[in-house]
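Worksheet: one structure, shown below.
Small disclaimer: the values here were computed from a predicted structure and weren't measured. Below, chains carry the letters A, B, ... as their sequence lines are ordered, and counting in each starts from 1.
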Amino acid sequence: MTPEQFIAKWQGSALREDQASQSHFNDLCALLDEPTPAAADPKGEWFCFERGANKTTGQRGWADVWKRGHFGWEYKGKRKDLRAAFVQLQQYALALENPPLLVVSDMETIIIRTNWTNAVSETHTVTLEELRDPRRRALLKAVLSDPDRLRPERTRQAITEDAAGKFAELAARLRARGHDPQLVAHFVNRIVFCLFADDVGLLPAGVLDSLLATTRKNPARFPDLAGRLFRAMKDPGGTLDFVEIDWFNGGLFDDDTALPLTAQDIAAVQEAARLDWGEIDPTIFGTLFERGLDPEKRGQLGAHYTDREKISLIINPVIIRPLEREWAEARARIEAIMAAVPKSGVAPAEIARRRERARTQATPIYRAFLDRLRAYRVLDPACGSGNFLYLALMAIKDIELRAGLESEALGLQRQLPEVGPEVLLGIELNAYAAELARISVWIGAIQWARRNAMPQPGNPILKPLNTIECRDAVLNPDGSVADWPKADAIVGNPPFIGDKAMIGALGEDYTARLRKAYAGRVPGAADFVCYWFEKAREQIENGATTRAGLVATNSIRGGANRRVLDRITEQGVIFDAWSDEPWTLDGAAVRVSIVCFGDGNSAGSPSLDGYTVTTIFADLSAGDFDLTTAQPLANNRAIASSGVTKKGAFNIDGDLAHAWLAAPSNPNGRSNAEVLSPWYNGEDVTGRHLNRWIINFGDMPETQATFFVQPFAHVVLHVQPARSKSGSPSERRHWWLLARRAPALFQRLDGLARFIATPEVSKHRVFVWLPKAVTPDKNLVAIARDDDTSFGILHSRFHEAWALRLGTSLEDRPRYTPTTTFETFAFPEGLTPNLPAASYAADARAIRIADAARALVAARDRWLNPPEWVEEVPDVLPHLPPRKIPRDAAAAKQLKTRTLTNLYNRRGTGEGAWLDALHADLDRAVAAAYGWPEDIATDDALAALLALNRARTG
DNA sequence: AATCCGACACTGC
DNA sequence: GCAGTGTCGGATT
């Protein structure tokens with residue numbers, strides 16, 4: 001069909017909609033060279049006319065034409081109301097699986113509205129005449145076959161950020177003029193809400209425009225005129241210059257102050273008013289806005305922006321899926337009742353009578369589900385600006401609508417949606433954030449109604465949302481544990497404040513009262529976020545809620561924080577979790593865990609990191625064995641410990657140290673060598689040794705220390721000033737001494753020529769030998785063993801895997817902790833670190849491991865310090881390790897990248913193959929020592945190690 | 001007196 | 001500016 005033929009046929013046509021629509025659409029397919037529904041999908045499953053039509057009930061389809069993932073298309077007779085056709089499509093969009101394009105046509109004009117959830121909506125109109133234009137035909141062809149070409153570039157997020165930015169600037173200017181920040185926030189919020197209300201038609205057309213236009217010319221009148229508008233909105237029956245204004249209750253308009261604005265400010269508001277406020281995403285807006293208002297108070301505002309994806313990871317398993325399961329059950333019962341009505345074989349009157357009876361029987365099931373939804377409560381006890389609550393409300397309303405559509409399709413009478421913001425319960429400490437939450441939720445409810453072409457909320461437009469409370473969620477003013485309201489589900493992202501930061505952030509008094517209130521339930525060393533977990537667990541225990549889903553830092557998997565998860569898994573279950581997810585917000589360096597838990601009655605298998613598992617353990621792992629049950633072993637006690645803690649500038653450069661070593665002996669006749677030693681930190685192990693030394697007077701009294709002239713003078717100059725201000729009396733008093741001198745460690749090292757060290761935090765779990773003369777910093781874990789067998793066992797993949805699972809992390813870098821990773825690790829029988837190395841010197845297993853370990857260390861050392869580049873020079877004193885000196889500047893430059901981290905970064909690549917081979921050798925030797933197959937799978941080895949641990953701890 | 005943490009804190013490109 | 005990768009002092013136990 002040519003465009004001319006098409007135009008000629010449809011220009012003159014006077015056919016009514018139901019007679020002509022299918023033939024119009026088929027002609028259009030022919031014109032655009034696209035297959036018709038009948039040709040493309042004869043079964044009518046994904047591309048068809050009258051989708052959703054039910055011959056039994058006589059129900060009309062949700063759309064005249066539908067193509068899955070493409071469009072819903074509704075015809076109206078010529079020049080009938082096309083808006084009504086849109087309403088029809090919007091109301092059924094959910095049933096049509098949310099097509100990205102909604103199209104209406106009266107056979108002369110075709111109007112296409114884009115309907116992507118994350119993008120702003122755009123409208124394209126194509127008239128019959130325009131079909132001569134190939135570009136317009138291409139547009140229509142895209143509707144049929146490639147809707148993505150119509151996807152608008154502007155996302156809701158972009159316009160929201162734009163809008164938030166404009167108001168952040170305005171707020172900053174108002175604050176700079178000395179207005180109270182809280183007042184500014186409140187005022188700017190009101191303007192924001194007016195812009196939104198204006199755009200969605202809740203304010204009489206033109207009121208806001210003329211207010212802005214008038215006051216721009218005469219800014220002095222702004223406080224008075226804007227105040228009059230705010231007052232009119234606040235009161236029932238309010239008017240402004242004889243125009244009735246709807247009633248906006250709900251706290252936002254309690255205070256009608258309008259701050260004075262300059263002409264420039266008003267121009268900025270006018271400019272902001274041009275944005276499409278109907279498309280504002282309240283979840284982004286609330287937070288961006290909040291942050292823009294007073295960047296210094298960001299932390300205090302509490303609410304950290306949680307992106308939609310993360311919120312979905314909680315809301316889906318905690319709220320949506322359980323409700324959908326409930327609906328599926330109800331629907332199945334309705335379906336069974338309705339299906340029992342005969343379609344033929346009896347008299348039509350009898351069929352109608354039976355259908356009516358079935359309806360009467362089935363309707364209460366649908367109504368009961370609606371009642372359930374209306375009585376449903378979601379609690380966010382750290383709601384901030386309300387992102388979780390907003391999305392929860394949207395989800396529940398979608399479920400309500402879906403239930404309505406599906407009931408209607410089954411032949412029941414659909415009820416209008418009634419679920420509103422009252423299903424949301426919130427607790428938020430910051431008054432301003434709480435108010436933002438209330439507004440976000442209302443904006444969301446209004447947007448939802450518009451999007452689905454449902455009736456807007458009536459007067460008052462904003463109801464007070466007293467269910468979003470402004471108070472402390474974990475501690476009452478009298479020091480008791482705070483109460484939470486009963487709710488079906490608890491969700492949220494509570495504030496993260498590490499134990500050591502709590503006093504600084506919350507105050508000493510508050511912290512003490514909080515810890516006292518939760519004594520025995522939350523350890524003092526736990527993060528602030530843990531109190532929400534414990535409180536939610538208590539709610540579940542008391543039957544005040546059934547499910548909870550909260551965000552925490554990934555540290556919740558270990559240490560003192562894990563105690564709250566231990567308690568949760570003892571009584572209930574973790575049914576959905578994400579153990580370690582990156583956080584997308586800039587400026588917040590953290591990785592998070594998402595934990596959804598309940599009373600254990602939830603259906604289905606748990607899901608961990610998106611995979612179905614049998615049980616989720618308290619460390620957010622799963623599998624056949626629970627490594628959190630591993631206990632410290634007596635054999636491993638008092639071997640591994642961290643090094644010294646300086647708390648002061650006790651470090652000196654190697655050159656200075658050597659100068660002091662070369663100086664004549666001191667007035668007490670003793671050499672500086674007694675108080676100087678090379679100092680190694682994590683960096684010195686994973687990178688190049690930085691040749692730093694440390695002044696260590698051990699436990700010397702001050703008078704004795706003064707005799708070591710240069711070192712003491714250095715400490716007086718560089719350490720004393722800062723130390724004298726220390727919070728610790730003992731550190732103040734003994735200012736010339738290291739704060740933690742690790743006496744037990746040095747005692748253990750006595751008699752050894754070297755020891756094993758590994759950095760507490762590092763990308764790769766590497767172990768190195770350090771000479772006894774070296775003082776390790778506390779960021780190094782020093783292991784008091786000097787035999788190659790112990791070294792080899794520790795550097796095997798088995799200990800590495802064990803340490804990864806049993807240790808914690810700093811973001812995604814593993815952390816080695818002596819108690820949980822070393823002390824729990826079962827060495828092979830007979831090679832345990834409580835035995836003197838000499839006792840297994842003749843053991844063939846030990847010798848094999850030692851040989852492999854020596855080969856590994858030697859090859860590594862040659863790579864780190866190739867003899868061609870490095871010269872080894874004996875140090876001035878015999879107990880000191882030889883110094884490694886680059887032969888020239890070029891070598892020095894090359895050596896910079898010869899670090900253990902860089903070397904282990906090459907593992908698994910061709911360049912690192914030699915290292916892989918040496919490690920594989922070592923691993924086989926260690927596996928053999930345990931009596932395992934040499935190629936044992938890591939998981940099997942972990943299970944065996946746990947079994948050994950259990951056996952040795954009884 | 002020892003351990004272990006960081007809505008991190010640096011360095012270095 | 002942002003990859004890349006481990007410091008350092010504090011607070012609990």
Taking ring-ring contact (aromatic ring centres under 6.0 Å, His included) as the definition, give me every residue that meets it alongside [X], ordered by chain and number, with sequence neighbours left out.
| X | value |
| --- | --- |
| His714(A) | Trp660(A), His718(A) |
| Phe791(A) | Trp769(A), His795(A) |
| Tyr531(A) | Tyr518(A) |

Sequence neighbours excluded, which residues qualify as side chain to side chain donor-acceptor pair (under 3.5 Å) partners of [X]?
| X | result |
| --- | --- |
| Arg906(A) | Glu911(A) |
| Asp786(A) | none |
| Arg562(A) | none |

Task: Under 3.5 Å donor-acceptor pair, Lys778(A) side-chain atoms to dG9(C) base atoms - done: yes
Task: Polar pair under 3.5 Å, donor/acceptor by atom type, side chain Asn779(A), base dC8(C) - done: yes
Task: Options dC5(B), dT12(C), dT5(C), nucleotide nearest the side-chain atoms of Ala525(A) - done: dT12(C)
Task: Atom C1', compared across dG6(B) and dT5(C): separation rounded to whole Å - done: 15 Å
Open item on the list: I'd like the C1' distance from dA9(B) over to dC5(B), given in whole Å.
Closed with: 14 Å
Task: Pairing of Glu800(A) and Arg797(A) as salt bridge, 4.0 angstrom limit - done: no
Task: More than 12 heavy atoms from other groups under 6.0 Å of CD on Gln747(A) - done: no
- [ ] Please list residues of residues 551-567 of chain A whose heavy atoms come under 4.0 Å from any atom in DNA chain B, ordered by number; otherwise none.
- [x] Thr553(A), Ser555(A), Gly559(A)
- [ ] Kindly state which residues belonging to residues 714-735 of chain A come within less than 4.0 angstrom of DNA chain B, counting heavy atoms of the residue only, listed by number.
- [x] none
Open item on the list: Taking any heavy-atom pair under 4.0 Å as a contact, classify Pro818(A): base, sugar-phosphate, or nothing.
Closed with: sugar-phosphate
Open item on the list: Students often get this wrong, so: under 4.0 angstrom with heavy atoms, is Ala501(A) touching a base, only sugar-phosphate, or nothing?
Closed with: nothing
TODO: Treat a base pair as Watson-Crick or G-U wobble with both distances under 3.5 Å, then lay out DNA chain C in dot-bracket form, 5' to 3', with | for cross-strand pairs.
DONE: ||||||.||||||
- [ ] Please name all residues satisfying salt bridge (Lys or Arg N to Asp or Glu O under 4.0 Å) with Arg907(A), sequence neighbours left out, ordered by chain then number.
- [x] Asp916(A)
Task: Set of residues satisfying salt bridge (Lys or Arg N to Asp or Glu O under 4.0 Å) with respect to Asp812(A), sequence neighbours excluded - done: none
TODO: With sequence neighbours excluded, give me every salt bridge (charged side-chain N to carboxylate O under 4.0 Å, His left out) pair touching residues 501-512 of chain A.
DONE: Asp509(A)-Arg513(A)
